[in-house]
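All residue numbers in this chain count up from 1 along the given sequence.
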Amino acid sequence: MKMDCNEKGIEKTWQVIKKGGIAIFPTDTVYGIGCNPYNINAVKKIYEIKSREKIKSLPVLAYSLDIVKEITCIDSFTEKIIKKYWPGPLTLILKLTDEKLKKSLKLDKKIAVR
């Protein structure tokens, strides 16, 4: 189903994602395909849809700097970079500290964050 990019559409999309669904959405560069990164089955669906090799990890799109701080370890220099260039086409590879994400995304130490 197609959603409008307004408050109602965003809320409906969030409800789909919370239930394990997948969303396709425009980003600053290309269309993205996403899900709840904590939902193991939804993550598997992304790999299947994209025919992506399991050895290629998926990036996480973060809504805010606060969320990045919750899931990773960042220093003051990295925080300055984030504040200067986000939102924008910059992906950072950061030390992952969120154990649930390590499990659901099958990651060890690092995560790509946009």
Is [Y] close to [X] at the side-chain level, that is, under 4.5 Å between some pair of heavy atoms?
X	Y	result
Leu58	Pro37	no
Lys109	Lys102	no
Lys110	Leu96	no
Leu101	Leu107	no

Check whether more than 12 heavy atoms from other residues, nucleotides or ligands sit under 6.0 Å from atom [atom1] of [X], and answer yes or no.
X	atom1	answer
Glu53	CD	no
Lys54	NZ	yes
Tyr47	OH	yes

Hydrophobic cluster membership, with links at side-chain heavy-atom distances under 4.5 Å among I/L/V/M/F/W/Y: are [X] and [Y] in one?
X	Y	value
Ile33	Met3	no
Leu90	Leu94	yes
Tyr38	Val68	yes
Ile82	Tyr63	no
Ile17	Ile49	no

Exercise. Assess whether side-chain contact (heavy atoms from CB on, under 4.5 Å) is satisfied between Val60 and Leu105, documenting all intermediate values.
Key: CA-CA 10 Å; Val60 171; Leu105 295 174; 3.8 Å; yes
Quiz item: Just by distance, do the side chain of Thr78 and the backbone of Ile74 share a donor-acceptor pair under 3.5 Å?
Solution: no
What is the minimum heavy-atom distance between [X] and [Y], and which atoms define it?
X	Y	value
Ala42	Gly20	CB-O, 3.7 Å
Ile67	Ala62	CG2-CB, 4.4 Å
Glu11	Gln15	OE2-NE2, 2.5 Å

As an exercise, state the distance from [atom1] of [X] to [atom2] of [Y], rounded to the nearest 0.5 Å.
X	Y	atom1	atom2	value
Ile22	Lys50	CD1	NZ	11.0 Å
Ile46	Lys44	CD1	NZ	14.0 Å
Glu99	Ile71	CD	CD1	12.5 Å
Lys12	Asp4	NZ	CG	8.5 Å
Phe25	Ile10	CZ	CD1	12.0 Å
Asn41	Glu48	CG	CD	9.5 Å

Self-check item: Test log, rule side-chain contact (heavy atoms from CB on, under 4.5 Å), inputs Trp86 and Leu92
Solution: CA-CA 11 Å; Trp86 283 0; Leu92 296 172; 4.0 Å; yes
Quiz item: When you look at Val113 and Thr91, which way does the side-chain contact (heavy atoms from CB on, under 4.5 Å) test go after all the steps?
Solution: CA-CA 5 Å; Val113 182; Thr91 301; over 6 Å; no
Self-check item: Evaluation steps, side-chain contact (heavy atoms from CB on, under 4.5 Å), between Leu65 and Lys83
Solution: CA-CA 8 Å; Leu65 177 58; Lys83 287 179 178 178; 3.6 Å; yes
